[in-house]
Amino acid sequence: MSFIRPKFRHPELPKNALGYTVDYYEGALSTLCAGCGHDSIGAGVVQACFEMNIEPHRLAKLSGIGCSSKTPNYFLSNSHGFNSVHGRMPSVATGANLANRDLIYLGVSGDGDTASIGMGQFVHVIRRNINMIYIVMNNGCYGLTKGQDSATSDNGSKNKTGVMNVYESIDLASLAIELGATFVAQSFSGDKAQLIPLIKAGMQHPGFAFINVISPCVTFNNNVGSTKSYDYVRQHIEATSTVDFVPEMTEITTTYKSGVTQKIGMHDGSSIQLHKIAQDWDPLDRQSAMNAVKLSKKNNEILTGLLFMDPDAKDLHQLLQTTEKPLNSLSQSLLCPGSEMLKQINEDFR
Amino acid sequence: MKPTDSNNPEYFHKVVDCQHACPAHTPVPEYIRLIAEGKYTEAYMINWDSNVFPGILGRTCDRPCEPACRRVRVEEEPVAICRLKRVAADHKGDVKESMPKAPFVQNSKKIALLGAGPASLTVARDLATLGYELHLYDDQKAGGGFMRSQIPSFRLPETVLNEEVNYILDLGIHTHFNTYVSSLKEVLDKDYDAIFVGTGAPKGRDLTDMIGRQEGASNIHIGINWLASVAFEHQNKIGKNVIVLGGGNTAMDCCRTARRLGGKNVVVVVRSPFAEMKASPWEKEDAAHEDIPIIDNHVPKSFVVEMGVLKGMNFEKVHAVYDDNGKRKLLPTGEAEVFIEADDVLIAIGQENSFPWIERTIGIEFDQWDMPVVDEISFVSTHKKVFFGGDSAFGPKNVITAVAHGHQAAISIHHFCQGEDVNKRLAPYVNLVSQKMGLHEWAFDSEVVTDRRYVVPQADKKLTLGNRKQEVELGFDEITAFKEAERCLNCDIQTVFTESKCIECDACVDICPTACITFTPNAESETDLRKILKMPANNLTQDIYVSDILPTSRVMVKDENVCLHCGLCAERCPTSAWDMQKFFYSVTKAGKACH
């Protein structure tokens with residue numbers, strides 16, 4: 001029986017700038033089904049955090065309920081974590097973010113947790129532009145309760161029992177663009193080369209970064225006729241571009257043919273390099289991004305990569321002009337300036 | 001790069017590093033698992049079939065398997081393979097029941113085996129069951145060869161040696177002990193159908209021309225001869241101050257024996273640096289444990305003899321210098337010669353072959369080093385009836401190599417006597433079978449423990465130094481043996497990949513603790529492919545396992561180097577594209593040893 005992951009690691013594992021090897025970012029052994037796309041996304045998170053030299057205690061994982069929301073247990077064991085109520089992760093993230101703006105917030109949710117029970121929360125977290133990365137592990141079914149169709153299951157997609165879904169699906173990426181999200185991307189659990197740079201860019205983005213990741217459910221939704229199976233996704237995947245996340249002060253080494261590479265600078269000096277494949281698409285233009293998504297849907301394609309980004313977005317703290325320091329770093333005298341100050345404030349309203 | 005041909009048994013054989021490194025290719029992980037299960041008799045018989053002397057080798061083997069053990073690539077120490085073998089021998093039940101029983105139906109062919117060491121005994125065992133009449137000659141009083149005369153009793157008790165030699169002699173071997181064969185021609189003139197020469201490398205090197213060698217002769221001894229005279233109880237004491245010259249395992253046996261025969265200040269003096277001594281590390285440790293200093297970088301210059309009595313030796317201090325090719329030179333440091341006091345000196349600076357009893361006119365060709373010309377596959381000499389094996393074939397090696405030679409020579413002799421091509425070899429016996437029993441269940445214990453190597457307990461030093469025959473190592477008890485056996489990574493449980501089942505979900509890539517698996521576009525050459533893996537495959541002695549092209553036009557590449565055989569890739573594989581399959585590989589031998 002091997003529920004236990006061996007402790008030995010490859011002796012030549014490289015160390016990141018903090019001196020950690022990648023295993024420092026691992027979590028417990030997954031209890032998800034063998035071959036679950038969610039595990040690949042988790043591995044992508046591990047790799048991204050390792051490459052970004054993130055100190056694990058500077059990151060908080062937040063999740064709701066579901067297979068997807070179990071996954072934070074399977075990565076970043078040395079980070080903070082909050083497994084919240086079903087669909088209520090955005091509220092917890094909002095509160096945490098307001099209290100301590102210095103942490104990196106990694107929200108993990110699924111299609112049920114986001115598009116059904118948590119839809120009300122999801123739309124508002126977008127609207128408020130909380131500085132966080134929000135990953136949806138989207139498998140189009142309720143895997144934890146034996147695979148019923150979820151709200152993101154495509155109209156016409158067949159489930160494991162052969163029954164066709166008759167409802168229209170909710171397209172989370174277009175919804176996010178529509179609602180004013182400042183970073184929207186779409187990816188596939190089976191394409192880490194694309195996913196990892198997107199996670200890195202999303203974590204660096206100074207606002208709400210949304211990544212919808214198609215993540216096949218091998219047990220309940222990997223059958224012929226499903227539009228979220230490994231085979232179907234591989235056959236219908238189209239990329240807007242290949243993505244490179246270039247950290248601050250790093251020399252750009254990848255070279256693409258001129259005219260097709262677009263560099264999006266970020267405020268901290270890092271940048272995103274896009275090698276564009278899709279034509280008539282501008283990732284900085286919301287309307288253009290929306291058109292690209294709609295067009296691909298019409299063509300039965302799954303458009304992946306960075307879809308839209310507003311590098312100048314203002315997050316909730318900027319909008320509310322809150323204090324620049326985490327609340328736990330403020331002294332008592334600052335937080336509670338005394339009755340004289342209160343009197344003065346009250347005077348202002350008279 | 002082309003896909004790996006895993007149908008060739010040599011591919012998976014190489015993955016089992018210990019077995020591959022063993023000259024006799026003993027199925028190591030298989031018997032270690034049996035030991036963990038407490039099936040000592042079965043574990044013993046697997047060994048007996050392959051290496052003939054489990055109890056002896058479990059104490060004295062040179063252990064080529066241990067440096068090869070995969071475990072040293074992920075932690076510091078290999079599995080104590082050798083000492084686990086001893087556990088099987090120590091705790092076994094009735095093994096005679098499982099061994100072939102004489103008499104066998106005779107085939108009217110007669111074979112002479114010259115020398116009763118491990119090579120000849122192996123030939124005897126393999127051929128006996130086939131009905132050969134085997135005549136074993138040795139000048140010693142009993143079988144075992146150098147295992148009897150050179151390996152001291154405190155490392156190998158006589159009872160263990162006798163037991164395992166007798167398993168073979170009991171197969172109906174005609175023994176001619178206390179018989180020195182002084183002419184091969186005489187043997188050839190008898191009516192033997194074939195002759196096997198397993199006479200070892202019986203001549204110890206000497207420092208014949210060194211100043212004082214002749215004058216001090218009565219207190220200067222050749223190491224292997226001296227060990228033999230101790231073993232046969234012609235010699236039972238030595239002076240208080242003893243110098244042992246040499247840095248090999250014989251030197252270690254000499255110095256430790258000297259400690260038991262009255263040597264108080266025993267020193268080993270070696271020319272090379274300590275780290276480059278030929279002795280096995282554990283033998284050096286054992287010597288150190290018995291308060292024997294090892295003085296390195298000292299080259300013997302002269303024996304100091306006063307009034308006909310040996311007083312000691314002079315040494316020149318040197319240091320090692322290496323040229324660009326890594327070739328070593330020992331250069332004098334220029335310091336004054338060092339005098340070391342000694343009542344006796346034991347010379348253990350190597351041994352050589354010596355064939356004064358083989359006439360050079362009978363059709364056996366000798367090369368420029370006066371070694372017989374022997375075929376490396378069939379072990380036949382230039383005389384079609386005469387075969388060589390063990391140290392006498394290619395110079396001094398060790399017991400396990402002699403056993404391996406014996407198996408091959410036995411096949412050749414059998415073929416020769418049956419009128420077949422002596423070079424003919426049958427393919428190895430191979431089996432590959434899935435270990436899957438359920439979702440998380442394997443037929444083997446797949447958990448990888450982090451236990452460090454367990455130390456074999458030793459008898460009290462007072463006791464061992466006081467009695468030459470008291471065995472130093474006590475062997476693992478059953479509980480420690482189990483824990484040590486659990487350290488084995490089960491490298492014979494192979495990760496077998498089936499392209500047609502793979503859905504490229506990356507589960508194996510994500511779960512593999514040692515980053516062995518990569519899905520990547522193929523590369524032109526192996527060299528290029530090795531570079532583009534998740535972890536570059538830098539250990540070129542280890543193969544990479546490459547699949548055929550997958551639906552996404554990539555290939556699966558697995559670097560065998562630090563695979564822990566934990567089975568997680570197979571467990572996380574939704575389609576059983578990965579499976580853990582037990583690989584059994586056994587070299588085909590002449591006779592059927594077990595039934």
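Numbered from 1 within each chain, the chains take letters A, B, ... in sequence-line order.
- Among B/V449, B/N538, B/I511, the residue making the largest number of heavy-atom pairs under 4.5 Å with chain A is B/I511.
- Looking at B/L564, only its side chain comes within 4.5 Å of chain A, counting heavy atoms on both sides.
- For a residue to count as touching a neighbouring chain, one of its non-hydrogen atoms must lie under 4.5 Å from one of that chain's; by this rule A/N222 touches chain B with the side chain only.
- Proximity to chain A (any heavy atom under 4.5 Å) is restricted, for B/T552, to the side chain, taken from C-beta onward.
- Between chain B and the residues A/L32, A/V218, A/T219, the largest count of heavy-atom pairs under 4.5 Å involves A/L32.
- Interface residue A/F8: backbone and side-chain heavy atoms are both found under 4.5 Å from chain B.
- Between the side chains of B/R33 and B/N490, a donor-acceptor pair is found at a separation under 3.5 Å.
- Only the backbone of A/C33 comes within contact range of chain B, with at least one heavy atom under 4.5 Å from a heavy atom of that chain.
- Using a 4.5 Å cut-off between heavy atoms, A/S30 contacts chain B through both its backbone and its side chain.
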side-chain contact (heavy atoms from CB on, under 4.5 Å) between B/V496 and B/W578, intermediate numbers included: CA-CA 6 Å; B/V496 181; B/W578 283 110; over 6 Å; no

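- Ranked by heavy-atom pairs shorter than 4.5 Å toward chain A, the options B/T514, B/V448, B/D559 are led by B/T514.
- Neither the backbone nor the side chain of B/L439 has a heavy atom closer than 4.5 Å to any heavy atom of chain A.
- Highest contact tally toward chain B, considering only A/Q47, A/K7, A/E12, is held by A/E12 [criterion: heavy-atom pairs under 4.5 Å].
- Contacts of B/V74 with chain A are made by both backbone and side-chain atoms, with heavy-atom separations under 4.5 Å.
- The pair B/E441-B/K436 does not meet the salt-bridge criterion, since no charged nitrogen lies less than 4.0 angstrom from a carboxylate oxygen.
- Under the side-chain hydrogen bond (donor to acceptor under 3.5 Å, both in side chains) criterion, B/E560 pairs with B/Y11, B/K558, sequence neighbours left out.
- A donor and an acceptor atom, one from each side chain of A/N299 and A/E238, are nowhere located under 3.5 Å apart.
- Between B/R73 and B/D17 there is a salt bridge, since a side-chain N of the basic residue sits under 4.0 Å from a carboxylate O of the acidic one.
- Residue contact with chain A, scored on non-hydrogen atoms closer than 4.5 Å, is absent for B/C508.
- For B/P551, no part lies near chain A; criterion is any non-hydrogen pair under 4.5 Å.
- By the 4.0 Å N-to-carboxylate-O rule, A/K200 lies close enough to A/E51 to be salt-bridged with it.
- Within the 4.5 angstrom heavy-atom criterion, only side-chain atoms of A/R234, from C-beta onward, approach chain B.
- Of the listed residues A/A43, A/S40, A/G190, the one with more heavy-atom pairs under 4.5 angstrom with chain B than any other is A/S40.
- Residues B/R487 and B/E75 are paired through a salt bridge, judged by an N-O separation under 4.0 Å between the basic side chain and the carboxylate.
- Remark: B/E526 engages B/R530 in a salt bridge, criterion side-chain N to carboxylate O under 4.0 Å.
- Between A/D23 and A/F50 the shortest side-chain heavy-atom distance does not fall below 4.5 Å.
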